[in-house]
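Okay, structure first, notes after.
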Amino acid sequence: MEARRHSDEGRRVAALRAYDILDTPREEEFDEVVRVVSAICGTPISVINLIDSERQWFKAEIGLGVRETPLPASICSHAILQPDLFIVPDTLADQRFSDNPLVTGDPRLRFYAGALLKTPEGLPLGTICVLDYKPRDLDENQKALLRLTARQIMKMMELRRLNAAERIARERAETHAEAT
């Protein structure tokens, strides 16, 4: 079942695009986060995903081997509609996902847990999520660490955006100084 759109979809997608992170190359600091989260949660898959208007794109992933998937198959597009951590202990037992091609076919995902990546204004951009091939759950410590990691990822994204804005301002100032 495809997720409905966020109630403020236009503003949400505009906020995502303002980070200028979609379709960027892999970055070690984000790759390290998914490796750590996968180890903490004991899952073979961990993803930093961003929900664009027509696709979900992965800034970092371990265990999937792809950088994006179509939005209709996205479990994370359901997660961004939730107020907090979204956990699906068994995807086959949940009517929203029981016919999902990523559940019924390869890679046969059976467990999902995702913590929201939210802007300072509260707009959900995506999740840091963990997935497994078998039904399961997370303990309270793992849930708390997944939430904490989501907040840290947003700080990384904010810093990345500020650094880019500073670089552009510096280049403009240098160009202006050279012209005068």
Side-chain angles (χ1 to χ4, degrees), residues 1-27 30-31 33-34 37-38 41 43-133 135-136 138 146-147 149-151 153-154 156-158 160-161:
M1 173 186 307
E2 189 171 349
R4 68 183 192 285
R5 298 296 173 137
H6 186 269
S7 61
D8 201 353
E9 183 70 0
R11 206 167 131 236
R12 188 194 71 73
V13 171
L16 170 61
R17 292 185 180 162
Y19 281 90
D20 201 24
I21 196 167
L22 293 172
D23 300 312
T24 57
R26 294 186 80 110
E27 295 176 57
F30 290 98
D31 289 342
V33 169
V34 293
V37 167
S38 185
C41 294
T43 59
I45 302 167
S46 179
V47 180
I48 296 171
N49 77 79
L50 301 166
I51 305 297
D52 198 7
S53 58
E54 301 300 323
R55 64 184 174 143
Q56 73 175 347
W57 182 78
F58 307 141
K59 178 58 184 166
E61 63 80 25
I62 185 170
L64 278 181
V66 297
R67 292 293 305 269
E68 69 179 63
T69 61
L71 207 50
S74 169
I75 298 172
C76 298
S77 64
H78 291 265
I80 67 166
L81 302 175
Q82 307 304 315
D84 191 23
L85 187 67
F86 181 56
I87 298 178
V88 182
D90 185 352
T91 54
L92 278 178
D94 189 311
Q95 69 180 11
R96 293 171 292 189
F97 310 112
S98 60
D99 65 348
N100 185 305
L102 300 175
V103 172
T104 60
D106 286 335
R108 300 200 184 284
L109 302 173
R110 291 292 301 278
F111 168 76
Y112 173 92
L116 289 177
L117 302 177
K118 293 188 291 190
T119 66
E121 299 78 32
L123 293 168
L125 304 181
T127 68
I128 171 70
C129 65
V130 292
L131 302 106
D132 205 336
Y133 306 115
R136 55 172 298 174
L138 298 178
L146 201 54
R147 287 181 182 107
T149 303
R151 291 191 300 273
I153 291 167
M154 284 309 301
M156 290 167 57
M157 287 174 57
E158 285 290 333
R160 188 181 178 286
R161 180 168 64 170

Can you name the nearest heavy-atom pair linking [X] to [Y], along with the distance?
| X | Y | answer |
| --- | --- | --- |
| S46 | V37 | OG-CG1, 3.6 Å |
| A60 | D31 | CB-OD1, 3.5 Å |
| C129 | G114 | CB-CA, 3.8 Å |
| P120 | E158 | CD-OE2, 3.4 Å |
| A150 | L117 | O-CD2, 3.6 Å |

- Message: Exactly one of I75, I80, N49, V47 should register a side-chain contact (heavy atoms from CB on, under 4.5 Å) with Q56. Which one does?
- Response: N49

- Message: Check for me whether R136 meets the cation-pi criterion with F111, that is, NZ or CZ under 6.0 Å from the six-membered ring centre and within 45 degrees of the ring axis.
- Response: yes

- Message: Under 4.0 Å between a side-chain nitrogen and a carboxylate oxygen: does that hold for E27 and R160?
- Response: yes

- Query: Hey, are R110 and D90 close enough for a salt bridge, meaning a charged N less than 4.0 Å from a carboxylate O?
  - Reply: yes

- Item | Spatial distance of atom CZ (F30) from atom CE (M157) [nearest 0.5 Å] | 6.5 Å

- Message: For the CD atom of E68 and the CG atom of L71, what is their distance to the nearest 0.5 Å?
- Response: 10.5 Å

- Task: Could you please spell out the steps behind the salt bridge (charged side-chain N to carboxylate O under 4.0 Å, His left out) verdict for D84 and R147?
- Result: CA-CA 9 Å; D84 191 23; R147 287 181 182 107; 2.9 Å; yes

- Query: How far apart are the C-alpha atoms of I62 and I45, what are their side-chain angles, what is the distance that settles it, and do they pass the side chain to side chain contact (heavy atoms under 4.5 Å, CB included) test?
  - Reply: CA-CA 5 Å; I62 185 170; I45 302 167; 6.0 Å; no

Report yes if some heavy atom in the side chain of [X] is under 4.5 Å from a heavy atom in the side chain of [Y]; otherwise report no.
| X | Y | answer |
| --- | --- | --- |
| H6 | S77 | no |
| F58 | V34 | no |
| L16 | W57 | no |
| C76 | Y112 | yes |
| L125 | I51 | no |

State whether the side chain of [X] and the backbone N or O of [Y] hold a donor-acceptor pair below 3.5 Å, judged by distance alone.
| X | Y | value |
| --- | --- | --- |
| R161 | I21 | no |
| E61 | L64 | yes |
| T91 | V103 | no |
| N100 | L102 | yes |

- Query: For R108, what residues pass the side chain to side chain contact (heavy atoms under 4.5 Å, CB included) criterion, not counting sequence neighbours?
  - Reply: D106

- Message: Can you pull out every ring-ring contact (aromatic ring centres under 6.0 Å, His included) where at least one residue sits in residues 62-83? Sequence neighbours excluded, please.
- Response: H78-F97

- Using the side-chain hydrogen bond (donor to acceptor under 3.5 Å, both in side chains) rule, pick out the option among R17, E9, R5, R12 that qualifies with S53. R17

- Do other residues, nucleotides or ligands put more than 12 heavy atoms under 6.0 Å from Q95 CD? no

